[in-house]
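Here is the structure we will look at, set down as structure tokens.
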Amino acid sequence: MTIAEPARPMSVTPAVVRQHLPRKRPGMTIDVNIAGTDFKVLVAADGERVVDVHIAHSKHGTFGHGMLEVVGDLLTDALHYGMPIDEFVARNLNRRFEPQGWTDDPDIPFVASPIDYIARLMALEFLPRRRCVELGVISADAA
């Protein structure tokens, strides 16, 4: 008969705390047309850090509109809890679904989806050029 070892104390990871943001934040609004569908992207920043992202689809009441709102809300929450924008960009570049195709944005002429557009936009606006080249957002010549 063997005697069981006493249970080891569980390791406790410190809780991630939501960062409180200033009441007023600078930001930008981008209107873009992707393959004939209009979108509005609202981005608020706290200095060099993105803190809010909202995505509006021109076709209200559709599945796409609802899902893009959810993605914007989830991204905002993740940013509030400290997710680096680099991670969002790396995970969502070339994410493919409709609408996809040509845009009216001269900096981002072709995208695989609205989420791909947002990832590329975040990279160009908030990541160093070196990292944009590493991720394939821009070519080494363009940097």
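All values below were derived from every heavy atom in this structure, side-chain atoms included, with hydrogens, water molecules and symmetry-related copies excluded.
Around the CZ atom of Arg91, the shell of radius 6.0 Å holds no more than 12 heavy atoms that belong to other residues, nucleotides or ligands.
In this structure, the side-chain contact (heavy atoms from CB on, under 4.5 Å) partners of Met28, at least two apart in sequence or on a different chain, are Ile30, Val43, Glu125, Phe126.
Classification of Lys40 and Asp31 as a salt-bridged pair holds, one side-chain N sitting under 4.0 Å from a carboxylate O. Looking at Asp86 and Arg131, a side-chain N of the basic residue comes within less than 4.0 Å of a carboxylate O on the acidic one, giving a salt bridge.
The backbone N or O of Leu42 lies less than 3.5 Å from no partner atom in the side chain of Thr29, so there is not a single donor-acceptor pair. In terms of modelled atom types and a separation under 3.5 Å, the side chain of Ser113 and the main chain of Arg95 share a donor-acceptor contact. When atom types are taken as modelled, the side chain of Asp104 and the backbone of Asn33 share a donor-acceptor pair closer than 3.5 angstrom.
Within the 4.5 Å cutoff, side-chain heavy atoms of Ile138 are placed close to those of Arg129. Contact check for Pro99 versus Pro114: side-chain heavy atoms found under the 4.5 Å cut-off.
Criterion: ILVMFWY side-chain heavy atoms under 4.5 Å apart, direct or through other members. Under it, Phe110 and Val137 are not part of a common hydrophobic cluster. Linking ILVMFWY side-chain heavy atoms closer than 4.5 Å, directly or via other members, places Phe88 and Leu135 in a single hydrophobic cluster.
Interatomic distance, His80 NE2 to Asp52 CG, rounded to the nearest 0.5 Å: 4.0 Å. Distance check: Asp77 CG to Met83 CE gives 10.5 Å after rounding to the nearest 0.5 Å. Atoms CD1 and CD1, from Ile115 and Ile118 in turn, are 4.5 Å apart once rounded to the nearest 0.5 Å. Taking CD of Gln100 as the reference point, atom OG1 of Thr37 lies at 11.5 Å (rounded to 0.5 Å). Atom CG in Asn92 sits 8.5 Å away from atom CG in Asp116 (nearest 0.5 Å). To the nearest 0.5 Å, atoms OH (Tyr117) and CD1 (Ile108) are separated by 4.5 Å.
A side chain to side chain contact (heavy atoms under 4.5 Å, CB included) with Phe39 is found for one member of Lys59, His65, His57 and no other, namely His57. For the side chain to side chain contact (heavy atoms under 4.5 Å, CB included) with Leu79, the lone residue among Asp46, Val53, Val51 that qualifies is Val53.
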